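As structure tokens, the structure follows; a few thoughts come after it.
On a predicted model such as this, the values are computed, not experimentally measured, just so you know. The residues of the chain are indexed from 1 along the displayed sequence.
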Amino acid sequence: MKNLVWVVVLLGAAAAGYFYMMNQKDKLAQPVTEPAVVEEPEAIEETPVEEVVTEVEEKVEEAVEAVEEAVSEAKEAAEEAVNEAVENVESAVSDAVEGAGDVAGAATEAVTETAGAATETATETAGAAADVLSVDGFDFAKVSEMIDGSSLDALKKAALKTAVEQAQNNPDLLKTALDSVKAALGM
């Protein structure tokens, strides 16, 4: 900053010197008709260079103050913008966390309901299968469907279906055939 002040002072001094020299040049260019009387110079309180220097210093000080004020205002505005952005981000994160908690609660509830329904369905299916595989609840079509839907190999499936079909009219043989189906199906 001091270098800038010196540059401005030197420029001011150069300008004052230039104007002074131009003023002297005009005086020298006039024809001399009578001998010039040199008067004693009056005491000068302040030279034009000093005035220019003072004026330049004042302008530089004003400019420095204006720049400092602008920097201060810009800093305050930037701090306010950063604080506002941080508050917005914190609010968004808080809302997202709260929303995620709601979603997690709903998902947990849905899983619990689905698991309960699946357990009930499995229990009902197992009960229905056990009933179909009893002599009292026997239904050849349903037993055949259970055997066909199993992961047993084709030869085992055919043997079980044939045994059940041949025993369906004899309750003692049917119980033995149905017990074989239960064992093969892992029930």
Q. Going from NZ on K156 to OG on S151, what distance comes out if it is rounded to the nearest 0.5 angstrom?
A.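 Reported value, rounded in 0.5 Å steps: 12.0 Å.
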
(Q) According to salt bridge (Lys or Arg N to Asp or Glu O under 4.0 Å), who are the partners of K157, at least two apart in sequence or on a separate chain? (A)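 Residues passing salt bridge (Lys or Arg N to Asp or Glu O under 4.0 Å) with K157: none at all.
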
(Q) Just to verify, what does K175 make a salt bridge (Lys or Arg N to Asp or Glu O under 4.0 Å) with, not counting sequence neighbours? (A)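 For K175 the salt bridge (Lys or Arg N to Asp or Glu O under 4.0 Å) partners, ignoring immediate neighbours, are D179.
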
Q.
For D148, give me all partners under side-chain hydrogen bond (donor to acceptor under 3.5 Å, both in side chains), at least two apart in sequence or on another chain.
A.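 With neighbours one apart ignored, the set is K161.
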
Tell me the closest heavy-atom pair linking [X] and [Y], and the distance in Å.
X    : Y    : value
A163 : A177 : O-CB, 3.9 Å
L160 : A184 : CD1-CB, 3.6 Å
M187 : L133 : SD-CD1, 3.7 Å

(Q) Going by the rule side-chain contact (heavy atoms from CB on, under 4.5 Å), which residues pair with V5 if we only count those two or more places apart in sequence or in a different chain? (A)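 Testing V5 for side-chain contact (heavy atoms from CB on, under 4.5 Å), a comparison that skips the adjacent residues, returns V9, V60.
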
**Q.** Sequence-distant partners of A14, side-chain contact (heavy atoms from CB on, under 4.5 Å), two or more places apart
**A.**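 For A14 there are no side-chain contact (heavy atoms from CB on, under 4.5 Å) partners, ignoring immediate neighbours.
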
Q | Min side-chain heavy-atom separation V132-L178 under 4.5 Å | A |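 The answer is no, as the side chains (C-beta and beyond) never meet within the 4.5 Å cut-off.
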
Q | Whichever hydrophobic residues join W6 through chains of side-chain contacts under 4.5 Å | A |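 Members besides W6: none; it forms no cluster.
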
Q. According to the salt bridge (charged side-chain N to carboxylate O under 4.0 Å, His left out) rule, which pairs have a member within residues 162-172, sequence neighbours left out?
A.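 Sorted pair list comes back empty.
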
Which donor-acceptor pairs under 3.5 Å do side chains of residues 136-147 form with protein atoms, sequence neighbours excluded?
residue : atom : partner : partner atom : Å
D139    : OD1  : A141    : N            : 3.2
S144    : OG   : F140    : O            : 3.1

